[in-house]
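First up is the structure itself, then whatever we jot down about it.
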Amino acid sequence: MAEYLASIFGTEKDKVNCSFYFKIGACRHGDRCSRLHNKPTFSQTIVLLNLYRNPQNTAQSADGSHCHVSDVEVQEHYDDFFEEVFTEMEQKYGEVEEMNICDNLGDHLVGNVYVKFRREEDAERALVELNNRWFNGQAIHAELSPVTDFRESCCRQYEMGECTRGGFCNFMHLKPISSALRRQLYGRGRNRATGPKAPSPKRFSDRQRPNDRDRRRRSRSPRHRYGRF
């Protein structure tokens, strides 16, 4: 019996533990789910909840109407965000094995940033510190995630351009970065900070809230118009 229970743990046959939370680290039912969400006490992976905002979903003009944002602008915006977060994680906390960002629309997945560190100790330190930090004036909410193999959590149909559920799919729609940025961040000879650390990206902050000057600067920023924090 014990062997059988172990074999179905985290699968759809498991009537006690939530298979979606086990595979994806998120569940659309949240705390109302009828099955258990076994949150890890240690993991290589942390998730920064709802940190990324796709400008195609959020861009608005002054009168509240939707602004058109081209695919090229979206990719540049995304690559810039990805590089900034990836660099901050490596410079402050440790080697990043993999980082993925969800482009889903469901509340439990939208904008989630999953960072898998090489060492669990680095993930734990990042978790503690990031929950006391801010990104462009908004508090960062970080959790340990059970996800370590993203092949099990991503939507295969999305990768082939065939997902019929769209942004509300319950599996991860992992937005790809450009080939050039991938080579830069994950290449064999990628640079790591070995001496004094480079200045932190400007959108990360240890202070609680932006001052008035920051608010005015962001209100004039094209990135703010496109839905960045």
Side-chain angles (χ1 to χ4, degrees), residues 10 12 14 16-40 43 45-60 64-67 69 74-75 77-78 81-82 84-86 89 98-116 123 126-127 130-159 161-177 203-204 209 218 223-229:
E12 293 182 4
D14 189 341
V16 177
N17 302 288
C18 178
S19 61
F20 270 102
Y21 185 81
F22 181 73
K23 288 182 180 178
I24 302 170
C27 169
R28 65 189 177 93
H29 299 294
D31 294 336
R32 300 186 304 276
C33 184
S34 61
R35 301 183 184 183
L36 294 177
H37 292 176
N38 290 297
K39 297 188 176 183
S43 176
T45 307
I46 63 170
V47 55
L48 311 180
L49 300 172
N50 312 126
L51 192 66
Y52 172 69
R53 292 182 178 179
N54 188 326
Q56 286 183 325
N57 301 332
T58 58
Q60 289 185 336
S65 60
H66 188 77
C67 293
V69 184
V74 169
Q75 190 64 53
H77 171 277
Y78 179 67
F81 173 90
F82 193 104
E84 180 173 333
V85 175
F86 187 100
M89 297 302 104
E98 187 175 358
M99 189 172 110
N100 291 293
I101 299 177
C102 290
D103 202 25
N104 303 65
L105 295 176
D107 290 343
H108 62 301
L109 287 174
V110 60
N112 285 357
V113 179
Y114 291 83
V115 185
K116 181 182 177 183
L127 174 74
L130 286 168
N131 275 318
N132 292 299
R133 300 189 66 195
W134 298 68
F135 186 84
N136 256 24
Q138 185 162 331
I140 297 172
H141 299 286
E143 296 179 356
L144 288 176
S145 172
V147 180
T148 55
D149 186 351
F150 289 91
R151 293 172 299 180
E152 294 296 321
S153 13
C154 64
C155 175
R156 305 289 200 282
Q157 286 75 27
Y158 171 76
E159 293 178 344
E162 300 174 356
C163 182
T164 58
R165 291 168 295 230
F168 291 97
C169 178
N170 282 321
F171 286 92
M172 292 183 187
H173 285 189
L174 300 180
K175 188 173 178 65
I177 56 176
R203 279 181 290 259
F204 279 95
R209 56 179 59 86
R218 282 201 304 280
R223 286 173 179 161
H224 184 267
R225 248 192 345 264
Y226 292 163
R228 297 297 282 265
F229 286 93

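Each residue takes its place number in the sequence, starting with 1.
With Y114 as reference, M172 is the one residue of E98, M99, M172 to meet the side chain to side chain contact (heavy atoms under 4.5 Å, CB included) rule. With H173 as the fixed residue, the ring pair (Phe, Tyr, Trp, His ring centres under 6.0 Å) test singles out one of F150, Y158, F168: Y158. Of the candidates V110, V74, N54, N112, N54 is the only one forming a side chain to side chain contact (heavy atoms under 4.5 Å, CB included) with D103.
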(message) Please determine whether side chain to side chain contact (heavy atoms under 4.5 Å, CB included) holds for the pair F204 and V85, giving the CA-CA distance in whole Å, both sets of side-chain angles, and the decisive distance to 0.1 Å.
(response) CA-CA 9 Å; F204 279 95; V85 175; 4.2 Å; yes
(request) Please lay out, stage by stage, how S145 and I46 fare under the test side chain to side chain contact (heavy atoms under 4.5 Å, CB included). (result) CA-CA 5 Å; S145 172; I46 63 170; over 6 Å; no
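Here the OH atom belonging to Y21 is positioned 12.5 Å from the NE2 atom belonging to H108, to the nearest 0.5 angstrom. Distance CZ/R35 to SG/C27: 9.5 Å, rounded to 0.5 Å.
Formation of a donor-acceptor pair under 3.5 Å by the R156 side chain with backbone atoms of R151 is found in this model. The closest donor-acceptor contact from the side chain of K23 to the backbone of E152 lies at 3.5 Å or more, if one exists at all.
Looking at every heavy atom in both residues, S153 comes nearest to V147 through OG-CG1, 3.5 Å. Closest non-hydrogen pair, S43 versus A123, comes out as O-CB, 3.3 Å. Heavy-atom minimum distance, A142 versus L48: CB-CD2, 3.7 Å.
Taking the six-membered ring for Trp and the full ring otherwise, Y78 and Y52 have centroids separated by under 6.0 Å.
Within a 6.0 Å sphere centred on CG of N131, other residues, nucleotides and ligands contribute more than 12 heavy atoms.
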